[in-house]
Amino acid sequence: MADADIIRGLSAYLEARRELEGGLYLEDSLLESPGQLYCRSEDNFPSLAVFEKDISGCMKCPLGKTRTNFVFGTGNPHADIVFIGEAPGRDEDLQGEPFVGRAGQLLNKMLPQYGLKRSDIYICNILKCRPPGNRDPLPLEIELCEPYLWKQLEIIKPQILVSLGRIAAQTLLKTDAPLAKLRNNMHQYRNTPFFITYHPAALLRNNSLIDSAYQDLAKIKEYYDKVKS
Ligand code: URA
């Protein structure tokens with residue numbers, strides 16, 4: 001590993017520790033072998049923070065020039081369940097966090113009805129930057145950005161994935177099957193059980209879908225409880 005990488009990792013690790021514990025300290029084992037910063041299996045928070053730091057200046061596609069903030073993802077870095085949306089919208093772009101707008105607020109109200117809090121889950125998007133005018137992600141943007149999601153999932157190691165909405169589901173499964181069909185089955189994405197439900201923005205637009213969305217959440221929670229027990 002290059003010295004610059006080690007120093008970047010070290011700095012992100014110290015920042016994470018400072019946030020958590022209000023002070024600076026470095027374990028002796030890390031001083032002896034700073035390369036561990038990238039692969040501490042018992043504590044993945046520094047790795048996720050390091051990864052965010054590494055990629056948050058991404059300029060691989062033109063969205064790098066139009067974004068306000070890079071929206072990496074938020075939540076429990078040890079989550080058993082990860083929710084995946086399509087791309088940041090206007091509020092997310094402005095605040096640098098996924099699902100903070102009206103759709104996110106609806107999700108925050110729905111999750112607790114099934115015993116899930118935002119702080120239990122991890123949430124992110126396929127694209128980390130907002131497409132102008134909230135248009136659908138372009139194939140090149142997906143090709144360049146989806147590997148960041150793969151790496152996040154490798155670090156978090158969740159047991160369940162949930163796609164929020166048709167676009168995220170079709171993109172991840174490389175299919176054009178309709179959402180109504182996709183949400184009836186459990187799928188696999190990168191060897192992890194993968195559920196599909198409505199995007200909360202669709203529920204805001206069409207209230208009649210809400211019962212079906214709650215049925216999906218009930219099914220997901222049943223599976224989550226099985227995994228946790
Ligand atoms: N829609 C998404 O797909 N993601 C967000 O973060 C917000 C809205």
Side-chain angles (χ1 to χ4, degrees), residues 48 51-52 55-56 58 61-64 66-77 79 81-111 116-153 156 158 160-180 182-183 187 189 194-207 209-210 212-213 216-217 220:
L48 209 51
F51 182 52
E52 177 172 4
I55 66 170
S56 59
C58 179
C61 83
L63 299 183
T66 53
R67 71 170 175 242
T68 312
N69 282 296
F70 185 90
V71 183
F72 180 76
T74 50
N76 179 357
I81 183 161
V82 172
F83 284 73
I84 307 169
E86 140 197 358
R90 185 174 168 276
D91 294 308
E92 291 74 22
D93 176 60
L94 291 174
Q95 296 182 45
E97 274 196 32
F99 287 94
V100 288
R102 280 182 67 227
Q105 285 159 23
L106 175 60
L107 189 66
N108 294 352
K109 279 197 207 131
M110 292 177 73
L111 291 175
L116 288 168
K117 294 190 296 296
R118 259 302 267 262
S119 52
D120 295 327
I121 66 164
Y122 191 84
I123 191 160
C124 58
N125 288 298
I126 302 172
L127 295 194
K128 309 305 186 206
C129 300
R130 181 193 184 205
N134 297 348
R135 63 156 169 72
D136 290 351
L138 300 176
L140 178 73
E141 293 159 359
I142 293 163
E143 189 186 322
L144 294 170
C145 217
E146 193 178 350
Y148 291 154
L149 173 67
W150 300 342
K151 176 76 180 174
Q152 283 174 299
L153 298 179
I156 299 168
I160 307 172
L161 302 174
V162 181
S163 160
L164 293 169
R166 176 181 64 84
I167 306 267
Q170 291 179 336
T171 302
L172 296 176
L173 292 175
K174 313 284 179 240
T175 175
D176 52 13
L179 182 78
L182 292 173
R183 58 177 276 277
H187 306 261
Y189 178 68
F194 181 42
F195 292 88
I196 291 159
T197 187
Y198 294 99
H199 196 289
L203 305 178
L204 288 170
R205 282 193 303 268
N206 184 352
N207 226 272
L209 299 174
I210 201 107
S212 305
D216 293 344
L217 275 183
I220 293 163

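Order of listing sets the numbers, starting from 1, for every ligand and every atom in it. On a predicted model such as this, the values are computed, not experimentally measured, just so you know.
Between Ala87 and ligand 1 there is a heavy-atom distance shorter than 4.0 Å.
Note: Phe70 and Tyr148 have perpendicular aromatic rings, judged against thresholds of 30 and 60 degrees for the angle between ring planes. The aromatic rings of Phe72 and Tyr122 stand perpendicular to each other, their planes meeting at an angle above 60°, with 30° marking the opposite boundary.
Screening Leu172, Asn125, Ile196 for a side-chain contact (heavy atoms from CB on, under 4.5 Å) involving Ile84 leaves a single residue, Leu172.
Considering backbone and side-chain atoms alike, Gly85 places every N or O at 3.5 Å or more from each N or O of ligand 1.
Distances below 4.0 Å separate heavy atoms of Pro98 from the following atoms of ligand 1: 6 (O).
Of all protein heavy atoms, the one closest to atom 1 (N) of ligand 1 is His199 NE2, 3.0 Å. Atom 4 (N) of ligand 1 has as its closest protein heavy atom Asn125 OD1, 2.7 Å.
You'll find the side chain of Leu63 reaches within 4.5 Å of the side chain of Pro132, heavy atoms only. Tyr189 places a side-chain heavy atom less than 4.5 Å from the side chain of Leu153.
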